[in-house]
Amino acid sequence: MPKFSPIIIIIFIATLILSGCNQQQAAKAQNLTADSSLVVNDNLILFRNLGISLDSLISVDTIPKALSRQGIYLDSLQIQELIADEIPNRASLSYSSIRLFSIKELSDSLCVGFYVYEYSDIEDIYMVVYKDIAITDVLKLPIQEESNIKDVIDDIEYIDYFESSVLFTDNSHFIITELSTTKGWNYDEECVFKTSLKIETFYSISPDGQIHKEDVVKTQSCPG
């Protein structure tokens, strides 16, 4: 009967132990992939527990265009848990609807949600800040408006345009940009007049979840 040296026996036992550890680590990795509760940070658990799929939300640092219908429409329970009565002058759900457009994590305890509040033919957009799943501040955002015919003078049709965007420069600072433009068009559909005003408002979000306005920069273009 063959004899095994003590060194060979020790190597064999060590191999078995390492194999078992690798299998446990592989199983743990599979669990992390399959069970989202293990990978979702605490400040997003509220959304997940309300049945909101985080993967279905738009994760860009912007606000939706008017009438885009992007995002997830919320039911009454979700609305009560996520925003309660924090949105001012909110009409009854019988006459309105609210959808969650996107969520952005700022830190382990801070996140923001972008909500579109629809009522009649109007859309309002709000940024809601959460700290440890509790609402700490709310900011109403400008919306992208459709073009509007302003006036017709000397066969020139003047049309107002409006664009807006939200850009996070880091996890505690963001800029809201509003661009108002007036263009004059002749009957040959040539743009013969253009003037614009850009307003950039700089904000910060403090560790306690409060929104602070830091600065406003206005830039007026010359007609051309």
Exercise. For the side chain of Ser221 and the backbone of Ser196, is there at least one donor-acceptor N/O pair under 3.5 Å apart?
Worked result: yes
Handout entry: Short N-O contact, Asp208 and Lys131, less than 4.0 angstrom
Key = no
Tightest non-hydrogen contact, residues Pro142 and Ile176, listed as CG-CG2, 3.6 Å
hydrophobic_cluster_shared for Leu197 and Val216, side chain cutoff 4.5 Å
yes
ask   = Do any N or O atoms from the side chain of Asn186 and from the backbone of Asp188 form a donor-acceptor pair under 3.5 angstrom?
value = yes
d(Gln78 CD, Arg99 CZ) to nearest 0.5 Å is 14.5 Å
Go through the steps for Met127 and Val138 under the test side-chain contact (heavy atoms from CB on, under 4.5 Å), then give the verdict.
CA-CA 6 Å; Met127 173 192 293; Val138 178; over 6 Å; no
* Asked: Looking at side-chain heavy atoms only, is the closest gap between Ile52 and Ile72 below 4.5 Å?
  -> yes
* Asked: Can you find a pair of side-chain heavy atoms, one from Ile156 and one from Trp185, that are under 4.5 Å apart?
  -> no
Output for pair (Leu139 CG, His212 NE2), nearest 0.5 Å, gives 12.0 Å
(message) Ile199 vs Thr177, test: side-chain contact (heavy atoms from CB on, under 4.5 Å). Steps then yes/no.
(response) CA-CA 6 Å; Ile199 302 176; Thr177 302; over 6 Å; no
Note to self: Within the structure provided, determine whether Ile205 and Gln210 are in side-chain contact (heavy-atom separation under 4.5 Å).
What the structure shows: no
All heavy atoms of Gly113 vs all of Leu100, minimum pair found to be CA-CD1, 4.3 Å
is_close_aromatic(Phe174, Tyr203), centroid dist under 6.0 Å: yes
Sorted by chain and number, sequence neighbours left out, side chain to side chain contact (heavy atoms under 4.5 Å, CB included) with His173 holds for Thr169, Asp170, Ser204
Test item: Gln220 and Thr195 side chains (from C-beta on) under 4.5 Å apart, heavy atoms
yes
Q) Side-chain contact, heavy-atom cut-off 4.5 Å: Thr182 with Tyr161? A) no
Contacts of Asp215 meeting side chain to side chain contact (heavy atoms under 4.5 Å, CB included) (sequence neighbours excluded), chain-then-number -> Phe202, Val217
Problem - Check: Phe193 ring centroid to Tyr158 ring centroid under 6.0 Å - result: yes
Residue set satisfying salt bridge (Lys or Arg N to Asp or Glu O under 4.0 Å) with Lys198, at least two apart, ordered chain then number -> none
*Ile103 side chain near Val112 side chain, heavy-atom distance below 4.5 Å*: no
Cluster overlap Leu179 with Phe162, hydrophobic side-chain contacts below 4.5 Å: no
- [ ] Establish, for the pair Lys104 and Phe168, whether the NZ or CZ atom is under 6.0 angstrom from the six-membered ring centre and no further than 45 degrees off its axis.
- [x] yes
Could you tell me whether the side chain of Ile83 reaches within less than 4.5 Å of the side chain of Tyr126, counting heavy atoms only? no
Sorted by chain and residue number, the side chain to side chain donor-acceptor pair (under 3.5 Å) partners of Asp151 (sequence neighbours excluded) come out as none
To the nearest 0.5 Å, atom OG of Ser172 lies from atom CG of Leu106 at 8.0 Å
Interatomic distance, CD@Glu81 vs CG@Asn49, rounded to 0.5 Å, equals 10.0 Å
- For Glu105 and Tyr130, does a side-chain donor sit closer than 3.5 Å to a side-chain acceptor? no
Heavy-atom check, side chain of Cys111 versus side chain of Leu44, under 4.5 Å:
yes
Those residues at least two apart in sequence (or on a different chain) that pass side chain to side chain contact (heavy atoms under 4.5 Å, CB included) with Ile133 are Leu46
Salt bridge (Lys or Arg N to Asp or Glu O under 4.0 Å) filter on Asp137, not counting sequence neighbours, yields none
Item to complete: Using a cut-off of 6.0 Å, state whether more than 12 heavy atoms not belonging to Glu214 lie near its atom CD.
Response: yes
query = Any side-chain donor-acceptor pair under 3.5 Å between Glu118 and Ser97?
reply = yes
### Query
Hey, is the main chain of Leu77 close enough, under 3.5 Å, to the side chain of Asp75 for a donor-acceptor pair?
yes
| said: Using side-chain contact (heavy atoms from CB on, under 4.5 Å), reason through Lys194 and Thr181 one step at a time and then give a plain yes or no. | reply: CA-CA 7 Å; Lys194 179 180 178 181; Thr181 305; 4.0 Å; yes
Distance col, row Ile125:CD1 vs Phe114:CZ, nearest 0.5 angstrom, shows 10.0 Å
Rounding to 0.5 Å, atoms OG1 (Thr201) and CG (Leu141) come to a distance of 11.0 Å
